[in-house]
Amino acid sequence: MRDNTKTTVRNILTSYLEVNKHRKTPERYAILDAVYSITGHFTLEELGEKLDDCNFPVSRATLYNTLKLFMELRLVIRHRFHGQTKYEACYDNNSHCHQICTVCGKVTEVKSQSVSAAINAMHLKRFRKDGFTLYIYGICSPCQAKLTRRAKENNTKLQKTIKK
């Protein structure tokens, strides 16, 4: 995590906790640091493992409740990819696209200036845009290659059966 981002998100959390008279627990800050040290998407389990590796284990309930708080503060975003829930640090990355393979479930982040420009240029009535996430579904090239090979194999088997 970049130092200026780390400082900023910690300050956002601290301000929120102070204003709302919540406790500033070491667990919340450890989870925040872990979230912002993970590159890309992560599951609740992966976050728990990251904290275990840092010798700071926390319960699943604490992880869930803390991530819920971080989502309210717009420090984390939740995605539902192909039947799986994943999270992502989003303070300095509010707008981006994901391509999702409908065969294997692989998720790849895509940066597109033309999509960002088009969405930023949109004028929405009575609505202030903060960011966006776009999901593009399709088939990745490795899965497409496997499907093509399988189709050729099945076609070859069918032709051999017909010749008999």
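Starting from 1, each residue takes its place in the sequence as its number.
- Under a hydrophobic clustering in which Ile, Leu, Val, Met, Phe, Trp and Tyr are joined whenever their side-chain heavy atoms come within less than 4.5 Å, directly or via other members, V107 and F42 fall into different clusters.
- With E46 contributing its side chain and T43 its backbone, the two residues share a donor-acceptor pair below 3.5 Å.
- N65 contributes atom CG, which lies 11.5 Å from atom CZ of F70 (distance to the nearest 0.5 angstrom).
- For Y36 and Y91, the distance between ring centers is not under 6.0 angstrom.
- Dense packing is recorded around NZ of K129, with more than 12 heavy atoms of other residues, nucleotides or ligands lying under 6.0 Å away.
- Between K86 and E88 there is no salt bridge, since no side-chain nitrogen of the basic residue lies less than 4.0 Å from a carboxylate oxygen of the acidic one.
- I119 and I136 fall within the same hydrophobic cluster, where Ile, Leu, Val, Met, Phe, Trp and Tyr residues are linked whenever their side-chain heavy atoms come under 4.5 Å apart, directly or through other members.
- Legend: residues meeting side chain to side chain donor-acceptor pair (under 3.5 Å) with R23, ordered by chain and number and at least two apart, are absent.
- You'll find the side chain of T85 reaches within 4.5 Å of the side chain of R78, heavy atoms only.
- At a threshold of 4.5 Å between non-hydrogen side-chain atoms, the residues T108 and K106 count as touching.
- Interatomic distance, CD1 of I139 versus CD1 of I100, reported as 13.5 Å (0.5 Å rounding).
- Interatomic distance, CG of L147 versus NZ of K152, reported as 12.5 Å (0.5 Å rounding).
- In the model, R28 has no side-chain atom that pairs as donor or acceptor with a side-chain atom of T66 under 3.5 Å.
- When side chains are defined from C-beta on, L51 does not count as touching C54, because their heavy atoms never get closer than 4.5 Å.
- You'll find the ring centres of H79 and Y87 outside the 6.0 Å limit.
- With values rounded to the nearest 0.5 angstrom, I31 atom CD1 is found 7.0 Å from E27 atom CD.
- Scanning all heavy atoms of the two residues, the minimum distance from V76 to V35 falls at CG2-CG1, 3.8 Å.
- Smallest separation of non-hydrogen atoms from L44 and Y64: CD1-N, 4.2 Å.
- No side-chain heavy atom of I77 sits less than 4.5 Å from a side-chain heavy atom of M71.
- Here the CD-CG distance, from E72 to L67, works out to 11.5 Å after rounding to the nearest 0.5 Å.
- Residues V110 and V115 fall into different hydrophobic clusters, defined by Ile, Leu, Val, Met, Phe, Trp and Tyr side chains chained together at heavy-atom separations under 4.5 Å.
- The aromatic rings of H41 and H98 sit tilted relative to each other, their planes meeting at an angle between 30° and 60°.
- The backbone N or O of L17 lies less than 3.5 Å from no partner atom in the side chain of K24, so there is not a single donor-acceptor pair.
- Considering CD of E109 and SG of C97, their distance stands at 9.0 Å, rounded to 0.5 Å.
- Between C101 and Y137 there is no side-chain heavy-atom pair separated by less than 4.5 Å.
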Worked check of ring-ring contact (aromatic ring centres under 6.0 Å, His included) between F132 and H96: CA-CA 6 Å; F132 72 89; H96 55 284; 7.8 Å; no
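- A continuous path of ILVMFWY side-chain contacts below 4.5 Å connects M122 to F127, so both sit in one hydrophobic cluster.
- Considering all non-hydrogen atoms of both residues, G131 and R74 come closest at N-NH2, 4.5 Å.
- Remark: the T5 side chain and the T8 side chain contain no N/O donor-acceptor pair separated by less than 3.5 Å.
- Side chain of N155 to main chain of A151: no donor-acceptor pair is present (N/O by atom type, distance under 3.5 Å, no hydrogens or angles).
- Panel note: side chain S116, backbone Q113; no donor-acceptor pair is recorded below 3.5 Å.
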Please step through side-chain contact (heavy atoms from CB on, under 4.5 Å) for the pair D33 and R10, ending with a clear verdict. CA-CA 8 Å; D33 289 342; R10 281 177 148 269; 2.9 Å; yes
